[in-house]
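Basis for what follows: all heavy atoms, side chains included, without hydrogens, waters or symmetry-related copies. None of the values given here were measured: they were computed from a predicted structure. All ligand and atom numbering here is 1-based and tracks the order in the structure.
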Amino acid sequence: MAHQLNRLADKETLASALADRVSAALAEGIAARGKASIAVSGGSTPKAFFKALSTRSIDWSRVTVTLVDERFVPPDSERSNHALVRDNLLQNAAAAAEFVPLYHAGGDAAHSAALASEAVAAIGYPFDVAILGMGNDGHTASFFPGGDRLAEALSMKTPRGVITMEAEGAGETRLTLTFSALQDARLLVLHIEGQQKMDVLEQALAGGDEHGPFPIGIVLENVPGTVEIFWAP
Ligand SMILES: O=C1O[C@H](COP(=O)(O)O)[C@@H](O)[C@H](O)[C@H]1O
């Protein structure tokens, strides 16, 4: 395990610094392979970062964007991570990027996960960039404490892809990339904000709480490379 902690002065500074770091990594991917890929998280944290990243001058027509995880809701739901990305990242210069959703209508969550696994595999692994978030319960991606498929999601024996996840704290059924799909991203970032999340992260790094290790702690422990942590109060 290795991680590098970048403490930024405030959320605006973080959004701009992370957009610079990520756009440089995408530009490197385009220069090296003619295309680049990024998997992003949802929730409330990434909005300002998405807005900043959408204005960066790279060849977005060569970039494919997908999601680290999704709620099993259609893109017109206010709970949809697809909607968050569409309204905040796929704008300005980044409107030229291709987007690969995880949610698919017309079937159940397992069907959506199977379709998404195929579509994400077609982007090509490893991702150039993967941005993880973290909840106050220590979940990252949709690796929720107590999740019905948590062990499977975290195991390197599970093939790269998208699986379903159900957990008490998750609300609706989730679709999540597996740890195997995320762990070797060329740039792997954990983006968190606020003192409460820093406290959870410190607890995770110390091994968890009375219920055992937090999913984010297991991820940080097992990634082969360095996780760049971006945090602001
Ligand atoms: O449910 C989710 O939560 C986490 C963290 O969200 P936040 O609102 O605390 O920023 C997010 O990383 C994940 O993608 C999302 O599905």
Worksheet item: Quick check, are the ring centers of H82 and F99 under 6.0 angstrom apart?
Response: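 Distance test on ring centres: under 6.0 Å, yes.
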Discussion item. If you take the centroid of each ring, where Trp contributes its six-membered ring, are Y103 and F72 closer together than 6.0 Å?
Written reply: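 Aromatic pair counts; centres sit under 6.0 Å.
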Worksheet item: Listing by chain and number, which residues have a heavy atom under 4.0 Å from ligand 1?
Response: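 Ligand 1 pocket, heavy atoms under 4.0 Å: S41, G42, G43, S44, T45, D69, R71, N81, G133, M134, G135, H139, R174, K197.
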Worksheet item: So, S77 versus R71: side-chain donor-acceptor pair below 3.5 Å or not?
Response: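 No, R71 and S77 have no side-chain donor paired with an acceptor closer than 3.5 Å.
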Discussion item. For a quick check under 3.5 Å, do D69 and T176 share a side-chain donor-acceptor pair by atom type?
Written reply: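 Their side chains do not contain a donor-acceptor pair, so the 3.5 Å distance test is not met.
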Worksheet item: If you draw a 6.0 Å radius around CZ in R62, do more than 12 non-hydrogen atoms from other residues or ligands fall strictly inside?
Response: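 For R62, atom CZ is not crowded (no more than 12 foreign heavy atoms under 6.0 Å).
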Discussion item. Return the CD to OG distance between E166 and S142, rounded to the nearest 0.5 Å.
Written reply: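 That separation rounds to 11.5 Å.
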